[in-house]
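Chain identifiers are assigned alphabetically (A, B, ...) following the order of the sequence lines, protein sequences preceding nucleic acid strands; residue numbering begins at 1 within each chain. Computed from heavy atoms alone, side chains included, the values below leave out hydrogens, waters and symmetry copies.
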Amino acid sequence: MRLATWNVNSVRARLDRVLAWIDRSDVDVLALQETKCKDEQFPEQAFRDAGYEVAHHGLSQWNGVALLSRVGLEDVSTRFSPDVPAFGDPAVVEARAVGALCGGVRVWSLYVPNGRGLDDPHYAYKLLWLEELRRAGASWLAQDPGAQVALVGDFNIAPQDEDVWDVDVFAGATHVSEPERAAFRGLLEAGYADTVRPFAPGPGTYTYWDYTQLRFPKRQGMRIDFVLGSPALQARVTGATIDREERKGKGASDHAPVVVELDPNA
DNA sequence: ATGGTTGCTCCGCAA
């Protein structure tokens, strides 16, 4: 079974490219982030025609997450906890998570808040959101240590110095701050491992390149998209790739798809 | 040449 995550940065602007990528990547489950549309605007039929069941959660032109699966899509939820932090006035739980049982794996497509700046209210919100995710993730494994759970998506955190092209450039910025990295470590300590890094080690291995400043051709990126797996899921991982090719050319998302191969017999 | 983006929606904001 092939499981992938991809921040597509608008599913409508990139539909042809997403369909083409699905076709050649042969994924069974694809988690999308930043679909940038409401449910009624999501091109559900195009993915159904490609053979996938669809769960989308979008409330506005911002955020938006989806799961596509051709190995079953059951028990869909848009809240990983009853206490997912809300943001704004009025406070709203944003469209940043959708989970479902796909082929025996509980998959969560996650779009972690950006944070914007260390003194921005979005930064505190980001840390709260991550802490609630950690709490929820830990509780699932406390209930069932053998659960196959995948927390996948755009975490908007570069956990290690080598996950950015020049750590000095990010001094005082989000994505690399110690509280964010501690929040990410909290997920690891709860039992979820980075299933991709062993197969795609750094330095210089990234999943995102800013559109500006010619970051992609200069190979100046960030590793901020992850497939975190529970122990039972980790045991099934036989390989992983970051599809850097997909970042090339006209009309590319600023993020590359991240793919994990799972042993079907485990 | 010292810059060089994209998507949404409406001309600013978010990333």
Using the six-membered ring wherever Trp is involved, compare the ring planes of A/His56 and A/Phe42 and label them parallel, tilted or perpendicular (cut-offs 30° and 60°).
parallel

With rounding to whole Å, what would you report as the distance between B/dA1 and B/dT6 at their C1' atoms?
23 Å

Could you tell me from which nucleotide to which nucleotide of DNA chain B, 5' to 3', there is an atom under 4.0 Å from chain A heavy atoms?
B/dG4 to B/dA15

Taking only residues two or more places apart in sequence, or in another chain, which ones meet A/Glu162 in a side chain to side chain contact (heavy atoms under 4.5 Å, CB included)?
A/Gln160, A/Arg197, A/Pro203

Pick the closest DNA chain B nucleotide for A/Val11 and for A/Thr212 by heavy atoms, then say which residue is nearer the 5' end.
A/Thr212

Apply the salt bridge (charged side-chain N to carboxylate O under 4.0 Å, His left out) test between A/Arg223 and each candidate in A/Asp161, A/Asp154, A/Asp163; give the one that qualifies.
A/Asp163

Test side-chain hydrogen bond (donor to acceptor under 3.5 Å, both in side chains), reference A/Glu94, set A/Trp129, A/Tyr111, A/Trp62, A/Tyr125, output is A/Tyr125

Using a 4.0 Å cut-off on heavy atoms, which residues in residues 107-128 of chain A reach DNA chain B? List them by number, or say none.
A/Tyr111, A/Asn114, A/Arg116

OG (A/Ser230) and CZ (A/Arg106) are apart, to the nearest 0.5 Å, by 12.5 Å

What residues in residues 166-181 of chain A put a non-hydrogen atom under 4.0 Å from any atom of DNA chain B?
none

Sequence-distant partners of A/Trp21, side chain to side chain donor-acceptor pair (under 3.5 Å), two or more places apart
A/Asp243

Under the salt bridge (charged side-chain N to carboxylate O under 4.0 Å, His left out) rule, collect the residues that match up with A/Glu53, sequence neighbours excluded.
none

Regarding A/Asn9 and A/Lys36, is there a side-chain donor-to-acceptor distance under 3.5 Å anywhere?
yes

